[in-house]
Amino acid sequence: MSFERDFEHRDALRDAASKAFCEHGYGRASLSAILTAAGMSKGQFYHHFDGKEALYLALVDDMVARKRAWFDEHPVPDHGGFLATLRAQLEAGLAFSRSHPELDQFSRSFLRERGRPIFRVVMRRAAFSDGGPLDELVRRYHEAGAFHGSLSVEVVRALIDTTFERVVDLLDLTSPEQLGQRMDAIVGFLGRGLGVRLEAPEDRADEP
């Protein structure tokens, strides 16, 4: 029930499924049409997957694994403050989207499933809160008291996730001269909403 292991028609199935889910959404995507496009029989398919939901979840896992691997190869260092590092991570995320358009398209199609059962199934699996660099950044600065005192780690992460989910819609990627300004505006908005008080965790040690 995974694309990590090799099997006949694996790449063709992944490509056909990703295209179908992106174009039609989970509910209207036809498993039979996917298998036909992949040149795969139902018997072959059910040897590896339990059904359409299992196929969709495998695609999500594959997307997350490939994104995690990319960030492992392109780590974002601490830029001397929460907001500066958050902006750098935002830039890195946009770079990932530009270099992996097929994964970016699938990610956008997943967000359109919000409110539907498959979205809730995926989120229960916590596929997007995997202890990655953003989690580490939030936890480190939260422990240092960088945010408004009433905000838990979970709330801070949820607010950032919600904003980043729509960030591509908020940014005009065709206008480089405005891109930086809009990223600054988004990060500044988050900083004000989170009540960011520290430039860096070690600053707290200098407080009386």
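Numbering of residues begins at 1 and proceeds along the displayed sequence.
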Q: List the atom of Leu159, the atom of Leu194, and the distance in Å for their closest heavy-atom pair.
A: CD1-CD2, 3.7 Å

Q. Does NE2 in His74 sit with more than 12 non-hydrogen atoms of other residues, nucleotides or ligands closer than 6.0 Å?
A. yes

Q. Between Asp78 and Thr85, which heavy-atom pair has the shortest distance, and what is it?
A. OD1-OG1, 3.3 Å

Q: Apply the test side-chain contact (heavy atoms from CB on, under 4.5 Å) to residues Leu190 and Val196: give CA-CA distance (whole Å), side-chain angles for both, the deciding distance (0.1 Å), then the verdict.
A: CA-CA 9 Å; Leu190 279 170; Val196 176; over 6 Å; no

(Q) Any side-chain to backbone donor/acceptor pair from His142 onto Leu151? Under 3.5 Å, distance only. (A) yes

Q: Kindly give the heavy-atom pair with the smallest separation between Ala92 and Phe71, and that separation in Å.
A: CB-CE2, 3.6 Å

Q: Using a 4.5 Å cut-off on heavy atoms from C-beta on, say whether the side chain of Val76 contacts that of Leu137.
A: no

Q) Sub-3.5 Å donor-acceptor pair from the side chain of Glu23 to the main-chain atoms of Ala20, do we have one? A) no

Q. Tell me, do Pro117 and Tyr26 make a side-chain contact under 4.5 Å, heavy atoms counted?
A. no

Q.
I'd like to know if Glu91 pairs up with Arg87 as an ion pair, taking the criterion as any Lys NZ or Arg NE/NH1/NH2 lying under 4.0 Å from an Asp or Glu carboxylate oxygen.
A. yes

Q.
Strictly below 4.0 Å, N to O, side chains only: are Arg66 and Asp62 in salt-bridge contact?
A. yes

Q) Looking at Asp104 and Ser97, what are the two nearest heavy atoms and their distance? A) OD1-OG, 3.3 Å

Q: Check whether any side-chain N or O of His79 sits under 3.5 Å from a backbone N or O of Pro77 as a donor-acceptor pair, and report yes or no.
A: yes

Q) Does the side chain of Phe21 come within less than 4.5 Å of Lys52's, by heavy atoms? A) yes

(Q) I need the single residue from Phe106, Phe49, Phe3 that forms a ring pair (Phe, Tyr, Trp, His ring centres under 6.0 Å) with Tyr56. Which is it? (A) Phe106

**Q.** More than 12 heavy atoms from other groups under 6.0 Å of CD on Gln105
**A.** no

Q.
More than 12 heavy atoms of other residues, nucleotides or ligands under 6.0 Å from CZ of Phe189: yes or no?
A. no

**Q.** N-O pairing of Glu154 and Arg157 below 4.0 Å
**A.** no

(Q) So which atom in Ala17 and which in Leu59 form the shortest heavy-atom distance, rounded to 0.1 Å? (A) CB-CD1, 3.6 Å

Q. Would you say Phe110 and Ile118 make side-chain contact, with heavy atoms under 4.5 Å?
A. no

Q: For Ala95 and Trp70, work out which heavy atoms get closest and say how close.
A: CB-CH2, 4.0 Å

Q. Judged by atom type as modelled, is there a donor-acceptor pair below 3.5 Å linking the side chain of Arg197 to the main-chain atoms of Phe147?
A. yes

Q. Are any non-hydrogen side-chain atoms of Leu13 and Leu55 less than 4.5 angstrom apart?
A. yes

Q: Please check if the side chain of Ser99 supplies one atom and the backbone of Phe96 the other of a donor-acceptor pair under 3.5 Å.
A: yes

Q. What's the spacing between Asp15 CG and Ile34 CD1 if we round to 0.5 Å?
A. 12.0 Å

Q | Atom pair OG1/CD1 of Thr163 and Ile186 - distance to nearest 0.5 Å | A | 8.0 Å

Q | N/O donor-acceptor pair under 3.5 Å between Ser107 side chain and Leu103 backbone | A | no

**Q.** Residues, nucleotides or ligands: over 12 heavy atoms within 6.0 Å of His47 NE2
**A.** no

Q: Please round to the nearest 0.5 Å and tell me the distance separating atom CD of Glu53 and atom CG of Leu31.
A: 12.5 Å

Q | Leu57 side, atom CG; Asp61 side, atom CG - distance, nearest 0.5 Å | A | 6.5 Å

Q) Between atom NE2 of His9 and atom CZ of Phe7, what is the distance when rounded to the nearest 0.5 Å? A) 10.0 Å

Q: Output yes when Glu102 and Arg14 qualify as a salt bridge under the 4.0 Å nitrogen-oxygen rule, no when they do not.
A: no

Q) Hey, does the side chain of His48 reach the backbone of Ser2 with a donor-acceptor pair shorter than 3.5 angstrom? A) no

Q | Carboxylate-amine/guanidinium contact Asp135 Arg139, below 4.0 Å | A | no

Q) Hey, which of Arg116, Met123, Arg124 is the one that makes side-chain contact (heavy atoms from CB on, under 4.5 Å) with Arg120? A) Arg124

